[in-house]
Asker: 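Submitted below is the structure of interest, expressed as structure tokens.
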Amino acid sequence: MSADTSVPKQREGGLGDFEAWLPDAVLRDASAGMAFLDLQLRFAWVNPAFAGLYDRPAADFIGLSAAEVWPEVVAVRAEAAMRQVFAEGRQATETFAASAFGQHDSAPGEAGPSAERVFHWFGVHGPDGALCGAGLIVITGGSGPATQEALRRSEERYRALVQGGAQIIWVSSPSGEMLEDSAEWRWITGQTVEEFLGNGWLDSIHPEDRERVERDWRDCLRTGRLFDERFRMRTRGGSYRHYDVRAVPIERDGTIAEWAGACTDVTSQREAEEMRGRLTDQLSAAALRTARLQQATAMLAEALDVEQVVAVITEVGRTAIGALRSAVALLDDDNLGLRVINPDGLAPQGPDAAGVRLTLDMPSVMTRAIATRRPVLIADPEELRKQFEADADSGESAGRVLDTGDEQAWVGLPLLAAGMPLGALRFSFGKPRQISEEERVFLEALAGQCALAVERAQMYEKEHTAAVTLQRSLLPGELPRVPGLVLDARYLPRSTEVGGDWYDVFRLPDRRLAVTVGDVMGKGLLAAAGMGRVRNALRALALTDPRPAAVLAGLDRLFTATELEEQVTTVTYLVIDPETGEGQAGNAGHPPTLLLTPGALPVLDGAEAGTPLGWASPRRQHAFRLPPGSSAVFYSDGLVENRMRGIDAGLDELVRIAASAPEDLVGAPGPLLQYLLDHMLAGHEQDDDVTVLVMHVPVDAAGAAGGYGSPDQHWDQR
């Protein structure tokens, strides 16, 4: 009899509620007494035949220990046998004379006092293979025909129970060869008996699994440990199904007599697991790509020009889908050719090769995407040849397109704005690649983001170019040369943005000099245009009545009539006589002038600053004097204020840095200006325009002349 009574794994889908009563239904009427004891050696289940041995209801046994059911001599040997089963995993058999139980313990029909009782113990395992208790079969009447019949019937019932779970049962020799026919195995695999027996069963295992299975099977035969594997088995139709296989050794007299095994079809379970895995991977990939799109959106919000946009889009797209290269090309102004923004994103050869000027009539992935206004997905070089063979000329163009180099798959996406093409986004791969539907949706969304960002960047670049041109035209080309004064100035726009900072120095009809520095808050063309209006109005007012109070009051009236209320504008204005260094100054909300005098610490002009232009308040002016050897530094708030430094802290730092400047710099406006810029901006990100103008009165004013040469000296694009 096959003595392994491990609980077999049920067929996938299970038997449902049928499982709950199946053991009782099969074993209830068995003539042999049967029982199950848990790991604490207490009865958990008995059949009627076992209960009849002791003339007690079956329910009375539940929870009792061996000592509470049997005499002491029987209980001690029974507990020892069960512990052996638990500890060594081996079965145990004990034979007791009827006298060991007492005459009252004889069951009806037994062969009198000389009848024997054979207790056969074996381990019982749960569906997960873990030991959960011990099974007991009690055969009475010795080893005669009745005993053999009881054992046979027990085996038949066990086999019926196993077959009800759709198990494939097999038995092998200690050396691993199949000894008995397994009809279930042959029914599934289509093998004949001769093909199955011996080692022929291995022929039905998938070639990729066979070496592993045979190696592990031989190892278990050598060590006697449990064989637990999963492999693919070929069916009679030629397909493969997944099976979990478990085999245990059966020992007799201390040696392995045979192996009993069971196979369970887990194909549906495996397919469900694989489906769950694929869905999980797809959801994870989709979540990652969504996060990348959100990342791209955040990064594009800070991209100002086309090159920055392309750098963001190509990096996000390339890393998201594992592309080898990525590039963006935009239509030329005449819409007849393409200008590649990042040539390093193209291969030296192949479609859209680097260094080749692309026109819309040339065959390539990008020109095809623009012409069709649809994504172009090419999975391998053969598909590339099919798509472009008819379009390519028979000469150089055909060879260029079909010479793919290290690229083996391509994606081209049109960049559309309001339905009109701006250019194309291209990806290439180092091996053949099919683009999934989910990846296609991601790439189309990325191309849409790219098109919007490129359009915005192009508009910004046009506006920036116009603002730069306007601001260059409004700032002085060169400062006037004035006997008795030395002048120098510098304007640093923030990155590529242009703001409303300005400075101006011009002669008045009475030979005095007007000096002004101002700041229109804001960026771009609007701020530059506002700066131009205020600058021109100041010049006109100064030529009519140069007094600072009058000029600032006139600017207030003009500002209220023509400018927006939220357009904050500050200005400092000075009228000075170059021969005496004396004059008047006024301030409309601008940072105070820095004054440097030999032999004294630098100070800020202490006159009270008024309100910005357009904010109604009486305009005042105050006396201003710059002795020989002294310098005055006019500047915009970008020099002293940024995100990390408030205006008050910046003013204090400006005074400290000026005080630490070498003495010889006070008389040299150019080096002094550069010293202040270097030290005030060091360690800080420039987040605003910076304008600085230095005016110096030499000690020997009679022989001094000021000014500087080319306009580029005053405009710093750093």
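Computation of the quantities below employed the complete heavy-atom set of this structure, encompassing side-chain atoms and omitting hydrogens, waters and symmetry-equivalent molecules.
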Asker: Going by ring pair (Phe, Tyr, Trp, His ring centres under 6.0 Å), name the residues that satisfy it together with F442, two or more places apart in sequence or in a different chain.
Answerer: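 Once residues adjacent in sequence are excluded, F442 has no partner under the ring pair (Phe, Tyr, Trp, His ring centres under 6.0 Å) criterion.
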
Asker: Are any non-hydrogen side-chain atoms of T572 and D605 less than 4.5 angstrom apart?
Answerer: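 Of all side-chain heavy-atom pairs linking D605 with T572, none is under 4.5 Å.
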
Asker: Sort out for me which residue in V340, L425, V328 forms a side chain to side chain contact (heavy atoms under 4.5 Å, CB included) with V310.
Answerer: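 Passing option: V328.
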
Asker: Just verifying a value: how many Å separate I647 CD1 and L654 CG, rounded to the nearest 0.5 Å?
Answerer: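 Result: 9.5 Å between the selected atoms.
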
Asker: Would you say CZ of R620 has more than 12 non-hydrogen atoms from neighbouring residues, nucleotides or ligands within 6.0 angstrom?
Answerer: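 12 or below, so no.
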
Asker: Could you report the tightest heavy-atom contact between P698 and P628, atom names first, then the distance?
Answerer: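 Answer, listing the atom of P698 first, then P628: O-CB, 3.7 Å.
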
Asker: Between the main-chain N or O of A323 and the side-chain N or O of R433, is there a donor-acceptor pair closer than 3.5 Å?
Answerer: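 Such a contact is absent between R433 side chain and A323 backbone.
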
Asker: Flag the pair L681 / N642 as yes when at least one side-chain heavy-atom distance between them is below 4.5 Å, and no otherwise.
Answerer: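 The answer is no; the side chains never approach within 4.5 Å.
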
Asker: Tell me, do L330 and L415 make a side-chain contact under 4.5 Å, heavy atoms counted?
Answerer: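 Yes, their side chains come closer than 4.5 Å.
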
Asker: Identify the two heavy atoms, one from V551 and one from D545, that lie closest to each other, and give their separation to 0.1 Å.
Answerer: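 Smallest heavy-atom distance, with atoms named: CG2-O, 3.3 Å.
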
Asker: Please list all pairs meeting salt bridge (Lys or Arg N to Asp or Glu O under 4.0 Å) that have one or both residues in residues 660-677, counting only residues at least two apart or in different chains.
Answerer: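 For residues 660-677: none.
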
Asker: Taking W502 as the fixed residue, which of V520, V517, T691 is the one that meets the side chain to side chain contact (heavy atoms under 4.5 Å, CB included) rule?
Answerer: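 Output: one option passes, namely V520.
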
Asker: Can you name the nearest heavy-atom pair linking V306 to Q458, along with the distance?
Answerer: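 The answer is CG2-CG, 3.9 Å.
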
Asker: Got a second to check how far W410's CH2 is from R325's CZ, nearest 0.5 Å?
Answerer: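 It is 11.0 Å, given to the nearest 0.5 Å.
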
Asker: A side-chain contact here means heavy atoms from C-beta on lying under 4.5 Å apart; do P612 and T569 qualify?
Answerer: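 The answer is no, as the side chains (C-beta and beyond) never meet within the 4.5 Å cut-off.
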
Asker: Taking T570 for the side chain and H590 for the main chain, is one N or O donor matched with an acceptor at less than 3.5 Å?
Answerer: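 Looks like no, no N/O pair under 3.5 Å.
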
Asker: Would you say CZ of R547 has more than 12 non-hydrogen atoms from neighbouring residues, nucleotides or ligands within 6.0 angstrom?
Answerer: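 No.
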
Asker: Would L555 and Y573 count as a side chain to side chain contact (heavy atoms under 4.5 Å, CB included) here? Give the steps.
Answerer: CA-CA 12 Å; L555 288 176; Y573 171 67; over 6 Å; no

Asker: State, without any angle test, whether S636 and D519 hold a side-chain donor-acceptor pair at a distance under 3.5 Å.
Answerer: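 No - no donor-acceptor pair under 3.5 Å links their side chains.
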
Asker: Are any non-hydrogen side-chain atoms of L413 and E444 less than 4.5 angstrom apart?
Answerer: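 L413 vs E444: side chains touch.
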
Asker: Report yes or no: does D556 contribute a side-chain atom to a donor-acceptor pair with the main-chain N or O of L613 at less than 3.5 Å?
Answerer: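 No, because the side chain of D556 does not come within donor-acceptor range (under 3.5 Å) of the backbone of L613.
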
Asker: Quickly, which of V571, L693, V534 forms a side chain to side chain contact (heavy atoms under 4.5 Å, CB included) with T516? Name it, please.
Answerer: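 Exactly one option meets the side chain to side chain contact (heavy atoms under 4.5 Å, CB included) with T516, and it is V571.
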
Asker: Which is it for R656 and H679 under the side chain to side chain contact (heavy atoms under 4.5 Å, CB included) test, yes or no, and what are the steps along the way?
Answerer: CA-CA 10 Å; R656 287 196 301 271; H679 287 75; over 6 Å; no

Asker: So do P592 and Y635 actually touch side chain to side chain, heavy atoms under 4.5 Å?
Answerer: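 They are in contact (side-chain heavy atoms under 4.5 Å apart), so the answer is yes.
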
Asker: Could you please spell out the steps behind the side chain to side chain contact (heavy atoms under 4.5 Å, CB included) verdict for H696 and L485?
Answerer: CA-CA 6 Å; H696 175 67; L485 292 176; over 6 Å; no

Asker: From D678 CG over to Q674 CD, what is the distance, rounded to the nearest 0.5 angstrom?
Answerer: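 The CD atom of Q674 is 4.5 Å from CG of D678, to the nearest 0.5 Å.
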
Asker: I need the minimum non-hydrogen distance between R426 and G345, along with the two atoms involved.
Answerer: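 Looking at all heavy atoms of both residues, the closest pair is NH1-O, 4.2 Å.
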
Asker: Within this structure, what is the CG-CE distance for the pair L338 and M366, rounded to the nearest 0.5 Å?
Answerer: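 CE of M366 is found 6.0 Å from CG of L338.
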
Asker: For the backbone of V666 and the side chain of S631, can you confirm whether one donor and one acceptor N or O come within less than 3.5 Å of each other?
Answerer: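 Confirmed, S631 side chain pairs with V666 backbone.
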
Asker: What pair of heavy atoms forms the shortest contact from W615 to R619, and how long is it?
Answerer: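 Of all heavy-atom pairs spanning W615 and R619, the closest is O-NH2, 3.8 Å.
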
Asker: Look only at the side chain of Q584 and the backbone of V575, and say whether a donor-acceptor pair between them is shorter than 3.5 Å.
Answerer: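 Not a single qualifying donor-acceptor pair exists.
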
Asker: Specify the closest pair of heavy atoms between I435 and R440, including all atoms of both residues, with the distance to one decimal.
Answerer: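 For I435 versus R440, the nearest heavy atoms are CG2-N, 3.8 Å.
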
Asker: Assess whether side chain to side chain contact (heavy atoms under 4.5 Å, CB included) is satisfied between D501 and V690, documenting all intermediate values.
Answerer: CA-CA 7 Å; D501 283 16; V690 176; 5.5 Å; no

Asker: When rounded to the nearest 0.5 angstrom, what is the spacing between CG in N587 and NE2 in H622?
Answerer: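 With rounding to 0.5 Å, CG (N587) is 7.5 Å from NE2 (H622).
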
Asker: Would you say the side-chain atoms of Y675 and S660 include a donor-acceptor pair closer than 3.5 Å?
Answerer: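 There is such a pair (donor and acceptor under 3.5 Å, judged by atom type) between the side chains of Y675 and S660.
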
Asker: Whether the side chain of N342 engages the backbone of S326 through a donor-acceptor N/O pair (distance < 3.5 Å, no angle test) should be reported.
Answerer: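 Side chain of N342 to backbone of S326: a pair is present.
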
Asker: Hey, are the side chains of I341 and R339 touching, using non-hydrogen atoms and a 4.5 Å cut-off?
Answerer: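 The answer is yes, as the side chains (C-beta and beyond) meet within the 4.5 Å cut-off.
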
